[in-house]
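All residue numbers refer to positions in the sequence shown, counting from 1. Here the structure is a predicted model, which is why all the values come from computation and not from measurement.
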Amino acid sequence: MSDKHLSTQFDAELSGISTRVLEMGGLVESQVAQAVYALTHFSAETASQVLVLEETVNSMEVEIDRDLSSIIARRQPTARDLRLLIAISKTIANLERVGDEAARVARTVQRLINTGVSSRLRLPVADLKFESELAITQLRKALDAFARLDVEKAVEVLKQDDQIDQEFEGLMRKLITFMMEDPRTISSSIDLVFVAKAIERVGDHAKNLAEQIIYIVKCTDVRHNSIEDVETMVR
């Protein structure tokens, strides 16, 4: 079998893996959006759908990871291709964790509905919706950057990460004020603190995805660097 034929097969396998990663990313993005909808509309049905999707996402992670291991064992890829496969493995791990955060939000919604506190949570829930919209946008940009292996777009994701952190900090202050004004909501407001943290973590995972894209294309590990240093490193 010619080297060219082997290379063509390998490229086809990589393309198939990348397509499945993007499919997994689409499911995870849908999970987060549905979890936020469940929260803002106090929809038990939508929360249940999020938890059903969690099982699908978990299965996809296991299947893709298994296929990655098989490719590495059979193809013995060169350095650049091996970087790509390792980065894909880290990418699907981050996507699975995003799904975990969405499931955490859905379970919280179920608990809030069961305790009958929805009518007292309108203001903080509205603020959570804004934070979540930022996180979903970040995730979508990171997935688009992965599809195109676009370093510029990946750097853009890193630049905007601080905005989600700022929203999270502002939301914490509002929730504290909310609890002080109405002590009856302390328990449910604490639940919303964990929801806010889950959404903030979605933004963190989007950032991790962006860092992996830069690693794939530039062979440069930009983790734990300031955005100014990252821009210098990718030039």
For Glu29, side-chain hydrogen bond (donor to acceptor under 3.5 Å, both in side chains) partners two or more places apart
Arg140

Could you tell me which residues satisfy side-chain hydrogen bond (donor to acceptor under 3.5 Å, both in side chains) with Arg97, sequence neighbours excluded, listed by chain and number?
none

For the pair Arg107 and Glu54, find out whether any cationic side-chain nitrogen is under 4.0 Å from an anionic carboxylate oxygen.
yes

Between Glu63 and Arg66 (salt bridge meaning N to carboxylate O under 4.0 Å), is one present in this structure?
no

Heavy-atom distance under 4.5 Å between the side chains of [X] and [Y], does that happen here?
X      : Y      : value
Val21  : Phe146 : yes
Gln49  : Gln31  : no
Ile213 : Val157 : no
Glu55  : Asn58  : no
Leu39  : Leu192 : yes
Thr40  : Val36  : yes

Let me have the donor-acceptor pairs involving side chains of residues 130-137, under 3.5 Å, with sequence neighbours excluded, atom names and distances please.
residue	atom	partner	partner atom	Å
Ser132	OG	Leu128	O	3.3
Ser132	OG	Lys129	O	2.6
Thr137	OG1	Glu133	O	2.8

Pairs touching residues 39-53 that satisfy salt bridge (charged side-chain N to carboxylate O under 4.0 Å, His left out), sequence neighbours left out
none

Selection residues 211-235 - residue pairs positive for salt bridge (charged side-chain N to carboxylate O under 4.0 Å, His left out), sequence neighbours left out:
Lys159-Glu231, Asp221-Arg223

Taking atom NZ of Lys207 as the centre, report whether more than 12 heavy atoms of other residues, nucleotides or ligands fall under 6.0 Å from it.
no

Val155, Ile164: one ILVMFWY side-chain cluster at the under-4.5 Å cut-off?
no

Looking only at heavy atoms, which two atoms of Ala35 and Ala102 are closest? And how far apart?
CB-O, 3.6 Å

Closest approach of Leu112 to Thr115 (non-hydrogen atoms, all atoms of both residues)
O-OG1, 2.9 Å

Check: Thr177/Glu181 side-chain N/O donor and acceptor closer than 3.5 Å
no

For [X], side chain to side chain contact (heavy atoms under 4.5 Å, CB included) partners two or more places apart:
X      : answer
Ala47  : Ala38, Ala106, Val109, Gln110
Asp144 : Arg148, Lys153
Leu84  : Leu14, Ile88, Ile216
Glu61  : Met24, Ile92, Ala93, Glu96

What residues, two or more places apart in sequence or in another chain, satisfy ring pair (Phe, Tyr, Trp, His ring centres under 6.0 Å) together with Tyr37?
His41

Mind jotting down which residue pairs meet the side-chain hydrogen bond (donor to acceptor under 3.5 Å, both in side chains) criterion with at least one end in residues 14-25? Sequence neighbours excluded, please.
Arg20-Asp67

N/O donor to acceptor pairs below 3.5 angstrom from side-chain atoms of residues 193-203, sequence neighbours left out:
residue	atom	partner	partner atom	Å
Lys197	NZ	Glu200	OE1	2.9
Arg201	NH1	Asp204	OD2	3.1

